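Dropping a structure here in structure tokens format, bear with me for questions.
Keep in mind that what you see is a predicted model, and the values were worked out from it rather than measured. Side-chain atoms are counted along with the backbone in the values below, which use heavy atoms only and exclude waters and symmetry mates.
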Amino acid sequence: MLGGALIFSSLQCASGKAEAGKELIWSDEFNNRGLPDTAKWNYDTGGSGFGNNEAQFYTKDRLENARVENGKLVIEARKEDFEKKEYTSARLLTKGKFSFQYGTVEVRAKLPAGRGTWPAIWMMSERMKKWPDDGELDIMEHVGYRPGYIHASVHTRAYNHIIGTQKTDTVLVNDAGKRFHVYKAEWTPEKIEVFVDNRKFFTYQNKEKNYGAWPFDQPYFLILNLAVGGFWGGKEGIDDTVFPQKFEIDYVRVYRNRKQTE
């Protein structure tokens, strides 16, 4: 047990019997060494700021920024000059390799610390044409100037932070930067619920039954990234003395309710 959450063994997960009523449909246990598994992960790259005025350059196939070691994925943000940026990091995603519609996502992770860090576990539509119309689900976001406060949110055309209508909530996890915790989302046609160590702290229901409020009836892919700075992550500046910082992920697992496959 860790923080009240049951941690399953790789053997249990591989059998798809880790949790009653759920079937494992995709996972990465990070048992390889070196670069992340290219059969499972792509990269977003560049230093455009990614719509958030982020300060880092996201690299590809660079061990300094994304690697698997000791059974964990390490996404590392570094203070270094690179392609006209002052920081480097990585953003991994399953787009084009794996997407799913409805299910449970579990990510066991330990977060970086320090002002200016902004790690996230999130999802976007495989068919994304326009943000936020086609939806975004943030399972975990943490900004370093507010240590321990874990945020979960959805973004849609009707509900997003640009127009001040975002649907979001927060839970305090005091040791999020020191210990591993399980960040989980359960997604059905009726609602999305988000948990830390099986403690539910965010619910978004499909009440309005229209695309503007609920674009979540389509396949989504997973994203893991560690941003530096940005409109939110850098709201109180960047403390260069904290780098390098690591976002460590023990596993990523996706389950489907057995009823969905019957």
Side-chain angles (χ1 to χ4, degrees), residues 25-26 42 44 48-54 58 91-96 98-107 118-143 145-146 149-173 183-196 198-227 229-236 252 254-257 259-260:
I25 59 171
W26 187 92
N42 283 314
D44 274 336
S48 66
F50 290 84
N52 298 308
N53 198 36
E54 297 168 23
Y58 282 134
R91 175 158 141 167
L92 278 64
L93 61 161
T94 65
K95 184 177 182 180
F98 170 75
S99 61
F100 67 104
Q101 182 173 331
Y102 316 131
T104 299
V105 179
E106 290 185 355
V107 180
W118 182 5
I121 302 166
W122 52 302
M123 298 166 56
M124 294 186 75
S125 169
E126 188 76 32
R127 304 167 186 165
M128 176 65 71
K129 294 181 179 179
K130 183 180 179 181
W131 185 95
D133 297 23
D134 297 316
E136 174 182 325
L137 168 58
D138 299 322
I139 300 169
M140 185 289 301
E141 290 187 278
H142 179 269
V143 288
Y145 67 86
R146 294 195 73 207
Y149 285 92
I150 305 302
H151 304 261
S153 313
V154 297
H155 302 275
T156 72
R157 184 171 65 243
Y159 300 109
N160 65 81
H161 66 281
I162 302 298
I163 57 176
T165 57
Q166 68 271 20
K167 299 295 185 179
T168 185
D169 214 333
T170 305
V171 65
L172 179 60
V173 182
Y183 302 93
K184 179 173 74 171
E186 293 189 347
W187 169 28
T188 71
E190 292 77 35
K191 61 186 176 181
I192 294 167
E193 298 176 314
V194 181
F195 308 72
V196 177
N198 284 332
R199 174 186 174 188
K200 182 169 66 177
F201 72 99
F202 174 71
T203 301
Y204 180 69
Q205 296 182 321
N206 182 10
K207 293 181 178 180
E208 297 171 49
K209 309 294 183 181
N210 63 66
Y211 196 80
W214 182 272
F216 301 109
D217 295 324
Q218 58 183 314
Y220 274 59
F221 61 90
L222 298 165
I223 309 170
L224 305 172
N225 73 287
L226 172 50
F231 292 126
W232 189 20
K235 186 177 180 180
E236 295 192 7
V252 181
V254 180
Y255 301 88
R256 176 175 291 147
N257 291 334
K259 290 182 179 180
Q260 294 177 256

Check your understanding: Under the 3.5 angstrom rule, does the side chain of T168 hit a backbone N or O of A152 as a donor-acceptor pair?
Key -> yes

Review point. Between Y255 and E186, is any side-chain donor less than 3.5 angstrom from a side-chain acceptor?
Key: no

Check your understanding: Judged by atom type as modelled, is there a donor-acceptor pair below 3.5 Å linking the side chain of E136 to the main-chain atoms of M123?
Key -> no

Check your understanding: Is there side-chain contact between H151 and D138, with heavy atoms separated by less than 4.5 Å?
Key -> no

**Study point:** Whether N42 side chain and K95 backbone form a donor-acceptor pair below 3.5 Å
**Key:** yes

Check your understanding: How long is the span from the CD atom in E190 to the OG1 atom in T203, to the nearest 0.5 Å?
Key -> 13.0 Å

Practice item. Would you check if L92 and I223 make a side-chain contact, meaning some heavy-atom pair closer than 4.5 Å? Key: no

Practice item. Would you please say whether a donor-acceptor pair under 3.5 Å links the side chains of Y211 and D133? Key: no

**Study point:** Worked verdict on N225 versus Y58 for side-chain hydrogen bond (donor to acceptor under 3.5 Å, both in side chains)
**Key:** CA-CA 9 Å; N225 73 287; Y58 282 134; 2.9 Å; yes

Point to revise | Heavy-atom check, side chain of F201 versus side chain of V196, under 4.5 Å | key: yes

Practice item. Decide yes or no for Y204 and F216: does some side-chain heavy atom of the first lie under 4.5 Å from some side-chain heavy atom of the second? Key: yes

**Study point:** Other residues, nucleotides, ligands: >12 heavy atoms within 6.0 Å of Y149 OH
**Key:** no

Check your understanding: If every non-hydrogen atom of G135 is compared with every non-hydrogen atom of M128, which pair is closest and at what distance?
Key -> O-CE, 3.2 Å

Practice item. List the atom of I121, the atom of V107, and the distance in Å for their closest heavy-atom pair. Key: CD1-CG1, 3.7 Å

Review point. Going from CD on Q101 to CZ on R256, what distance comes out if it is rounded to the nearest 0.5 angstrom?
Key: 9.0 Å

Check your understanding: Looking at W118 and G229, what are the two nearest heavy atoms and their distance?
Key -> CE3-O, 3.2 Å

**Study point:** Side-chain (T165) to main-chain (A158) donor-acceptor, under 3.5 angstrom
**Key:** yes

Revision key, fill the gap. d(K200 NZ, D169 CG) to nearest 0.5 Å is 11.5 Å

Check your understanding: Ring centres of W131 and H161 under 6.0 Å apart?
Key -> yes

Check your understanding: Around K209, counting heavy atoms of other residues, nucleotides and ligands shown, do more than 12 lie under 6.0 Å from its NZ?
Key -> yes

Exercise for review: Determine, for F195 and R199, whether the Lys NZ or Arg CZ falls below 6.0 Å from the six-membered ring centre while staying within 45 degrees of the axis.
Suggested key: no

Check your understanding: What distance do W122 atom CH2 and L224 atom CG have between them, rounded to the nearest 0.5 Å?
Key -> 10.5 Å

Check your understanding: Counting N and O atoms only, with roles assigned by atom type, does the side chain of D134 sit under 3.5 Å from a partner on the main chain of K129, one being a donor and the other an acceptor?
Key -> yes

Point to revise | Flag side-chain contact, heavy atom, 4.5 Å: P215 against T156 | key: yes

Review point. What are the two closest non-hydrogen atoms of T188 and W214, and how far apart are they?
Key: O-CZ2, 3.3 Å

Check your understanding: From L226 CG over to E54 CD, what is the distance, rounded to the nearest 0.5 angstrom?
Key -> 9.5 Å

Review point. Hey, are the side chains of N206 and K191 touching, using non-hydrogen atoms and a 4.5 Å cut-off?
Key: no

Exercise for review: Of all the heavy-atom pairs spanning L222 and V252, show the shortest one and how long it is.
Suggested key: CD1-CG1, 3.9 Å

Check your understanding: Got W232 and N52 here, is their nearest side-chain heavy-atom distance under 4.5 Å?
Key -> no

Check your understanding: Using a distance-only test with no angle check, is there a side-chain donor-acceptor pair under 3.5 angstrom linking S153 and Q166?
Key -> no

Check your understanding: Would the W187 and F100 ring centres measure less than 6.0 Å apart?
Key -> yes

